[in-house]
Amino acid sequence: MQVDVAPDGSPVAFYRRLPATGEPELIHTTIGPGVSVLDVGCGPGRIAGPLAALGHRVTGVDDGAGMIAALPPEVEGVIADARSVRLGRRFGAVLLASHLVNGPEDGPAFAATAAAHLEPDGLVVGETYPPGWDPMTTVGRETRLGDARITVLRARVEGDILQAEVRYGVDDLEWEQPFTARLLDEPALRELLAHEGLTFERWLDRAGWFVAAASSTFN
């Protein structure tokens, strides 16, 4: 059976079944009610859908046509490369979930996209691997979110670069996806954001989630 897989290797069927685990409520509380939101790399709307239900006007960008097709009707979907897309409009909040900033080569591009679409007084809410996190402790352990299964098959860290492979499962379907990530401590995260016109503001009360704003020199 042929299964839709996004350009980055993410299986659409798996992400459609992956539930939110408090992220929409955390973001809603952080940005305030009624704020327009751009969800960069939105997938099928795990976060975007609940945010729309909370009263936000949400636009989601993803390069997977299957991901955009799965978005709820309340979310505006745009099929585009989130590393380079420029929509010509700005939002009160931009989301960089799913560890986008940890891409060794693409992280800065995602941050630049966020900065390019942020209103002067807007906020970026992003997710990174928590500083000090040891990926080796997760190898071989299955995590269940709803009826979705995630197992880290292997992990190796050299310097600040993580090479890993994950198995995703839902029902009787399984996918294995290797990935590379850069582990960022707070100074490295601040530097990455600053280079793209953003200022790190604070950590949220959920491991690895942070808030940034437009740098005054870029306004």
Between the main-chain N or O of [Y] and the side-chain N or O of [X], is there a donor-acceptor pair closer than 3.5 Å?
| X | Y | value |
| --- | --- | --- |
| His117 | Leu87 | yes |
| Ser36 | Gly92 | yes |
| Asp106 | Ala109 | no |
| Thr29 | Glu25 | yes |

Would you say the side chain of [Y] lies within less than 4.5 Å of the side chain of [X], judging by non-hydrogen atoms?
| X | Y | answer |
| --- | --- | --- |
| Thr128 | Leu183 | no |
| Asp63 | Ile79 | no |
| Ser10 | Met67 | yes |
| Val35 | His56 | yes |
| Val5 | Val12 | no |
| Leu51 | Leu95 | yes |
| Trp209 | Thr30 | no |
| Thr113 | Val85 | yes |

### Query
Same cluster or not: are Leu173 and Ile150 linked, directly or through other Ile, Leu, Val, Met, Phe, Trp or Tyr residues, by side-chain heavy atoms under 4.5 angstrom apart?
yes
#### Entry: Hydrophobic cluster membership, Ile47 vs Val37, 4.5 Å side-chain cutoff
yes
To the closest 0.5 Å, what do you measure between [atom1] ([X]) and [atom2] ([Y])?
| X | Y | atom1 | atom2 | result |
| --- | --- | --- | --- | --- |
| Phe200 | Leu189 | CZ | CG | 6.0 Å |
| Ile27 | Glu127 | CD1 | CD | 9.0 Å |
| Leu198 | Leu118 | CG | CG | 7.0 Å |

What is the minimum heavy-atom distance between [X] and [Y], and which atoms define it?
| X | Y | result |
| --- | --- | --- |
| Leu184 | Pro131 | O-CG, 4.0 Å |
| Leu193 | Ala212 | CD1-CB, 4.1 Å |
| Asp4 | Gly66 | OD2-CA, 3.1 Å |

### Message
Within a 6.0 Å radius of atom CG on Asp134, are there more than 12 heavy atoms belonging to other residues, nucleotides or ligands?
### Response
yes
### Arg190, CZ atom: more than 12 neighbouring heavy atoms under 6.0 Å
yes
Lys/Arg-Asp/Glu bridge criterion (N-O < 4.0 Å) met for [X], [Y]:
| X | Y | answer |
| --- | --- | --- |
| Arg202 | Glu186 | no |
| Arg90 | Glu119 | no |
| Glu23 | Arg206 | yes |
| Asp171 | Arg17 | yes |

### Message
So, applying side chain to side chain contact (heavy atoms under 4.5 Å, CB included) with Phe110, which one of Leu192, Val94, Asn102, Leu96 is it?
### Response
Leu96
### Task
Would you sort out whether Glu76 and Arg89 count as a salt bridge (charged side-chain N to carboxylate O under 4.0 Å, His left out), showing the intermediate values?
CA-CA 14 Å; Glu76 176 193 12; Arg89 49 196 165 109; 2.8 Å; yes
### Task
Among Phe179, Phe14, Trp175, find the residue that satisfies the ring-ring contact (aromatic ring centres under 6.0 Å, His included) test when tested with Tyr168.
Phe14
